[in-house]
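Have a look at the structure below, then the notes.
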Amino acid sequence: MDGSIGIIVIIAAVLVAGGVIVWGVISVRTEKDIIEERLINYEKEATSFLELDDIPEEPKDQERRPSVIQERLDSLVSDRSFGKKWRQQLSRADVKLTVSEYAALHIVSMFGFFALGYFVLFSGQIVMAILSAFIGFFAPRIYVSRLTATRLIRFENQLPDTLGLWVNALRSGYSVLQSMEAIARDAPDPTSIEFKRVVQEVQLGIDMEDALEHLVNRVESEDLDLVVTAVNIQREVGGNLAEILDVISHTIRERIKLKGEIRVLTAQGRITGYLISFLPIILALFLYAINPGYMGNLFDNRMCGWPLLGIGMALIGIGFAVVQKIVDIDI
């Protein structure tokens, strides 16, 4: 009976994964996805903004005309809330995937984790395979979230030096846009990529205020928001932007220093949260590996075992969230 259920689940998973893969192959590309690709092509061919006599021609639009199916799928996906959210997440992580490809990746990952759990790790245990598939469904999101967090930390650590370069460029007689072009040329990644994107958007005809707003949406940083606000106010009312950015740079350096001290002081609490959260899960898997008969009763008993597993996972999640909230001190 269990074997037939497992076969049915596997066949259903194969059909769902195949359908989503086909959906990804036909490439549902919204208008924003096309703009993203054009900016990437422009980035590959664009030269320095200061070399006005050697600006390359705009790349020709080589996009094939969408079919009727693509247009219908586009109308279904483009205005969905999850599509906008996923597009923003991929942009913040600098992952070159469309929303449809990201959705297909979720299904493929879920099927892959299910097959790994059912055939390799747990030898036909359908409950553990379903749990593996559940983990696999969220694996791409976890990966993108980690990339976003790492990229944000690197950007914020580079921001004081970026502002210093910006101030020096302004004092040398550069305009605001030329100063950002200098940052795009000389700053390290990811700062150079983000400011290069702003310069390219302005060169393509987008208003600078909108381009800076796009930058803030891609890089969710309070420090950057403060900088962009100062630039927009200076463009409206005037003033010495170099002096303003110099003061903001000093403030950001002090904040980064204070954040580092707080992170050191809360390191023990964060490690304790990870330990007490993942230790029960690792211990349960270890006991199941060395004595399947003993731990198998917990997974096979649907009347008692499954509710206990659900309650245990819920309590672990609540405890982990509480610990992270305690050690997350906002400055």
Side-chain angles (χ1 to χ4, degrees), residues 31-52 54-59 84 87-96 147-148 150-242 244-246 248-249 252:
E31 181 180 356
K32 290 186 178 181
D33 292 326
I34 296 174
I35 293 175
E36 294 282 336
E37 292 183 358
R38 289 177 179 175
L39 287 173
I40 292 173
N41 293 332
Y42 186 84
E43 177 181 348
K44 292 179 180 179
E45 298 184 5
T47 57
S48 174
F49 176 75
L50 296 177
E51 299 174 357
L52 299 177
D54 193 22
I55 297 179
E57 297 181 357
E58 292 187 5
K84 296 178 181 179
R87 186 183 297 108
Q88 188 179 51
Q89 291 174 353
L90 293 173
S91 177
R92 289 175 177 174
D94 195 27
V95 176
K96 301 300 186 294
L147 285 180
T148 303
T150 303
R151 195 165 184 265
L152 177 60
I153 292 174
R154 291 173 58 193
F155 185 91
E156 289 187 334
N157 290 335
Q158 296 170 4
L159 189 56
D161 295 333
T162 301
L163 293 179
L165 180 60
W166 199 342
V167 169
N168 292 334
L170 290 173
R171 288 174 176 171
S172 299
Y174 284 14
S175 66
V176 175
L177 184 60
Q178 289 174 329
S179 302
M180 288 191 290
E181 197 278 336
I183 295 172
R185 184 178 60 248
D186 299 332
D189 179 58
T191 301
S192 60
I193 295 176
E194 295 299 338
F195 276 87
K196 185 183 298 183
R197 188 67 171 275
V198 174
V199 173
Q200 291 168 357
E201 288 182 357
V202 174
Q203 290 176 347
L204 291 175
I206 300 176
D207 186 71
M208 182 179 293
E209 184 175 353
D210 294 333
L212 291 174
E213 183 179 356
H214 297 164
L215 173 63
V216 175
N217 291 332
R218 290 193 303 270
V219 184
E220 194 177 14
S221 171
E222 295 181 357
D223 296 335
L224 179 63
D225 191 14
L226 178 62
V227 173
V228 171
T229 301
V231 173
N232 290 332
I233 292 176
Q234 189 272 341
R235 294 181 68 245
E236 292 291 336
V237 301
N240 192 337
L241 182 59
I244 297 173
L245 294 180
D246 196 13
I248 294 176
S249 175
I252 293 175

Please enumerate all residues that pass salt bridge (charged side-chain N to carboxylate O under 4.0 Å, His left out) together with [X], with sequence neighbours excluded.
| X | answer |
| --- | --- |
| E209 | none |
| E213 | none |
| D161 | R253 |
| R154 | D189 |

Nearest-0.5 Å distance that lies between atom [atom1] in [X] and atom [atom2] in [Y]:
| X | Y | atom1 | atom2 | answer |
| --- | --- | --- | --- | --- |
| L226 | I244 | CG | CD1 | 10.5 Å |
| I252 | N157 | CD1 | CG | 11.5 Å |
| N217 | D210 | CG | CG | 10.5 Å |
| L147 | L90 | CG | CG | 10.0 Å |
| N168 | S172 | CG | OG | 6.5 Å |
| I183 | Q158 | CD1 | CD | 11.5 Å |

Ionic contact status for K96 with D94, cut-off 4.0 Å: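 Yes, this pair counts.
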Backbone N/O of S175 and side chain of S179: donor-acceptor pair under 3.5 Å: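 Between the backbone of S175 and the side chain of S179 there is a qualifying donor-acceptor contact (under 3.5 Å).
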Using atom types as modelled, flag every donor-acceptor pair under 3.5 Å from a side chain in residues 232-242 to any protein atom, sequence neighbours excluded.
residue	atom	partner	partner atom	Å
N232	ND2	V228	O	3.3
Q234	NE2	G239	O	3.2
N240	OD1	A242	N	3.2
N240	OD1	E243	N	3.3

Audit row: F195, V199, side chain to side chain contact (heavy atoms under 4.5 Å, CB included) steps and yes/no: CA-CA 6 Å; F195 276 87; V199 173; 5.6 Å; no
Steps toward salt bridge (charged side-chain N to carboxylate O under 4.0 Å, His left out) verdict (R197, E181): CA-CA 10 Å; R197 188 67 171 275; E181 197 278 336; over 6 Å; no
Can you name the nearest heavy-atom pair linking [X] to [Y], along with the distance?
| X | Y | value |
| --- | --- | --- |
| E222 | E156 | N-OE2, 4.4 Å |
| S221 | L152 | CB-CD1, 3.8 Å |
| A184 | S192 | O-CB, 3.4 Å |
| R151 | S91 | NH1-O, 4.3 Å |

Residue among M208, R185, K196, E194 satisfying side-chain contact (heavy atoms from CB on, under 4.5 Å) with M180: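 Exactly one candidate clears the test, M208.
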side-chain contact (heavy atoms from CB on, under 4.5 Å) partner of L215, chosen from D225, L224, V227: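 Checked D225, L224, V227 against L215; only one passes side-chain contact (heavy atoms from CB on, under 4.5 Å): L224.
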Step-by-step side chain to side chain contact (heavy atoms under 4.5 Å, CB included) determination, W166 to L159: CA-CA 10 Å; W166 199 342; L159 189 56; over 6 Å; no
Partners passing side-chain hydrogen bond (donor to acceptor under 3.5 Å, both in side chains) against D246 (at least two apart in sequence or in another chain):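 D246: no side-chain hydrogen bond (donor to acceptor under 3.5 Å, both in side chains) contacts found.
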